[in-house]
Amino acid sequence: MAAAAAGEYWSEALKSFLDHIPVSLDGSVLDAIDSMYRSDVAGAVIVDDVRTSFGKFVDRDIGFVEFPSLVLWAIEEFDKLGSGAGDKNSDFLTSLKQHPQIAETKIAWLAKSFLWEPFFPVRSHDTLFHAMLLFSKHRRINVVPVVELMNSSVIGFVTQNAVVELLLSSSGLEWLDKIADKQLSEFRFANTTKPVSVYSDQTLADALHILSKEKIGVAVVDRKTSCLIGSIQCSDLYQLLDDSSLFRNRKTLSAEEFVKLKSKDEDISTENSSASGGQNVLSLRTGQKITAGLPVTNRKSDTLKQAMEKLTASRSSCSFIVDEHGRVEGVVTARDIISVFSPPCMDSRIDGGTFFSAALAQTGCRVEHGQMIQNS
């Protein structure tokens with residue numbers, strides 16, 4: 001009975017984060033990037049036309065593609081062309097148009113490059129538990145689509161930050177505080193997950209290359225002191241289109257210079273953040289930065305709850321763990337936090353209905369004798 005009540009609570013909380021994004025993609029890379037940029041969305045559903053047995057066509061959501069992934073892929077392709085890429089005096093979109101072999105690449109083809117994100121939707125009446133299960137077991141899932149019924153159109157999305165924020169809404173309850181009040185040093189990820197980094201005098205292009213491989217925040221550290229001075233994240237990439245000089249000068253602009261320019265942009269965003277409460281959960285420009293110009297940081301002595309509060313307040317995907325001198329020791333991501341509260345930490349006796357079995361199959365797990373087991 002208590003489990004059912006909890007499920008209803010989480011379902012209602014989940015609905016509060018649903019947000020319809022009116023962008024579907026079945027065309028070229030140029031079309032996809034341009035439409036997402038102009039619509040100010042960080043990702044979109046890939047729609048395919050499927051002929052039914054009645055001879056009619058219906059829209060079918062078959063995947064999810066993210067703005068940062070496409071931009072980083074395109075930049076990598078530019079760099080493969082070398083100095084003759086022809087983008088020195090052009091903005092990003094113009095450079096794409098000048099290189100049809102990149103711009104006209106079909107989204108369908110990019111599935112071969114693993115640029116599609118896994119498409120594992122949840123239903124609007126499913127619980128937060130289901131979304132957490134998918135986030136924690138699939139490292140490539142950053143957004144979970146929400147549908148009314150399986151195989152129906154997407155009506156909204158749930159992000160990792162939204163899940164962490166929902167978890168925080170249970171602050172004060174024993175089941176959450178028992179875990180969230182522990183220090184970060186007590187968790188495995190704080191001691192084993194090493195952040196990727198670049199020195200402050202390395203170029204923006206160097207940082208973007210690393211970002212394209214790792215897809216988590218790149219720490220920018222001072223070469224002399226090894227102290228953290230900033231970060232470059234996937235959520236920053238829209239700035240390459242907003243300011244064409246950043247894209248053109250990426251091979252000469254230092255990572256530190258980009259961080260300082262980003263700080264100015266975030267100062268402006270922070271001034272307008274009070275009006276951003278109802279904005280899209282997949283907005284390119286979050287407008288939520290409260291630590292303009294500075295990366296989100298925690299100490300190992302901080303609690304998990306403190307890290308959760310910083311991530312949700314800043315809309316950042318990660319927090320860097322630093323020592324008393326400001327040197328980076330580790331990193332905690334939104335996925336790390338979600339995993340802490342997901343199976344097998346949660347009570348695996350909750351069956352969750354038929355979706356639970358399907359989600360388990362997708363994540364490579366099974367339940368035996370009330371225990372959650374990951375398939376080898």
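Given the structure is predicted, the values throughout are model-derived calculations rather than measurements.
For the pair Arg250 and Ile75, the minimum side-chain heavy-atom distance is below 4.5 Å. Taking 4.5 Å as the limit, every side-chain heavy atom of Tyr238 sits out of range of all side-chain heavy atoms of Asp40. Contact annotation: the side chain of Val163 never approaches that of Ile337 to less than 4.5 Å [non-hydrogen atoms, C-beta and beyond]. Inter-residue side-chain proximity for Phe67 and Ile33 is flagged as met; some heavy-atom pair is nearer than 4.5 Å. The shortest side-chain heavy-atom distance between Ser342 and Leu133 does not fall under the 4.5 Å cut-off. For the pair Trp73/Val29, a side-chain contact is recorded, criterion being any heavy-atom separation below 4.5 Å from C-beta on. Thr159 has its side chain out of reach of Asn142: every pair of non-hydrogen atoms, C-beta onward, lies at least 4.5 Å apart. Looking at heavy atoms from C-beta onward, Val164 lies in side-chain contact with Ile338 at the 4.5 angstrom threshold.
The same ILVMFWY cluster, assembled from side-chain heavy atoms under 4.5 Å apart, contains both Leu168 and Leu128. Tracing side-chain contacts under 4.5 Å through hydrophobic residues (I, L, V, M, F, W, Y), one reaches Leu72 starting from Val65; they form part of the same cluster. A single hydrophobic cluster is not seen to contain both Met308 and Val331; linkage of ILVMFWY side chains at heavy-atom distances under 4.5 Å, directly or through other members, places them apart. Note: the hydrophobic cluster containing Val196 does not contain Val322 (ILVMFWY, side chain heavy atoms under 4.5 Å, direct or indirect links).
Closest of all the heavy-atom pairs between Ala255 and Ile232 is CB-CD1, 4.2 Å. Closest heavy-atom contact between Asn161 and Ser316: ND2-O, 3.2 Å. Closest non-hydrogen pair, Val328 versus Ala219, comes out as CG2-CB, 4.5 Å. Listed here is the closest heavy atom pair of Val332 and Ala307: CG1-CB, 4.4 Å. Residues Ala74 and Phe92 share a closest heavy-atom pair of CB-CZ, 3.8 Å. Of all non-hydrogen atoms in Ile216 and Leu211, the two that sit nearest each other are O-CD1, 3.1 Å.
Remark: side-chain polar atoms of Arg335 are paired, donor with acceptor, to backbone N or O of Phe135 under 3.5 angstrom. Panel note: side chain Thr225, backbone Cys227; a donor-acceptor pair is recorded below 3.5 Å. The closest donor-acceptor contact from the side chain of Asp79 to the backbone of Glu76 lies at 3.5 Å or more, if one exists at all. The backbone N or O of Thr252 sits nowhere less than 3.5 Å from a side-chain atom of Asn249 that would complete a donor-acceptor pair. Panel note: side chain His130, backbone Thr127; a donor-acceptor pair is recorded below 3.5 Å.
Residues that satisfy the side chain to side chain contact (heavy atoms under 4.5 Å, CB included) test with Glu256, not counting sequence neighbours, are Ser200, Ile229, Ser254, Lys260. In this view, Lys178 satisfies the salt bridge (charged side-chain N to carboxylate O under 4.0 Å, His left out) rule with no residue, not counting sequence neighbours. For the side chain to side chain donor-acceptor pair (under 3.5 Å) test, residues two or more places apart in sequence or in another chain that qualify with Thr333 are Asp336. By the salt bridge (charged side-chain N to carboxylate O under 4.0 Å, His left out) test, Lys300 pairs with no residue at all, sequence neighbours left out. Taking Asp177 as the reference, Lys305 meet the salt bridge (charged side-chain N to carboxylate O under 4.0 Å, His left out) condition, with sequence neighbours excluded. Taking Leu246 as the reference, Gln239, Leu240, Asp243, Leu253, Phe258, Leu261 meet the side chain to side chain contact (heavy atoms under 4.5 Å, CB included) condition, with sequence neighbours excluded. Annotation: side chain to side chain contact (heavy atoms under 4.5 Å, CB included) contacts of Ser226 (sequence neighbours excluded): Arg327. For Lys80, the side chain to side chain donor-acceptor pair (under 3.5 Å) criterion is met by Glu77, not counting sequence neighbours. A search for side chain to side chain donor-acceptor pair (under 3.5 Å) contacts involving Tyr37 returns Asp242, not counting sequence neighbours. Applying the side chain to side chain contact (heavy atoms under 4.5 Å, CB included) rule to Asp302 yields the partners Leu184, Asn298, Arg299, Gln306; only residues at least two apart in sequence or on another chain are considered. The salt bridge (charged side-chain N to carboxylate O under 4.0 Å, His left out) check on Glu329 picks up nothing, with sequence neighbours excluded. Evaluation of the side chain to side chain donor-acceptor pair (under 3.5 Å) rule for Ser317 yields Gln233 as partners, not counting sequence neighbours.
By the 6.0 Å contact criterion, CZ on Phe189 is enclosed, its count of non-hydrogen atoms from other residues, nucleotides or ligands being greater than 12. At most 12 heavy atoms of other shown residues, nucleotides or ligands fall within 6.0 angstrom of atom CD in Glu174.
To the nearest 0.5 Å, atoms NE2 (His209) and CD (Glu214) are separated by 9.5 Å. Note that the CD atom of Glu309 and the OG1 atom of Thr303 stand 7.0 Å from one another [nearest 0.5 Å]. Summarising the geometry, atom OG belonging to Ser245 is positioned 11.5 Å from atom CZ belonging to Phe247; distances are rounded to the nearest 0.5 Å. With rounding to the nearest 0.5 angstrom, the CG atom of Leu93 is 9.0 Å from the OG atom of Ser95. If you take OG on Ser171 and CG on Asp181, they are separated by 7.0 Å, rounding to the nearest 0.5 Å. The OG atom of Ser231 sits 6.5 Å away from the CG atom of Asp236 when rounded to the nearest 0.5 Å.
There is a side-chain donor-acceptor pair under 3.5 Å between Ser124 and Glu148.
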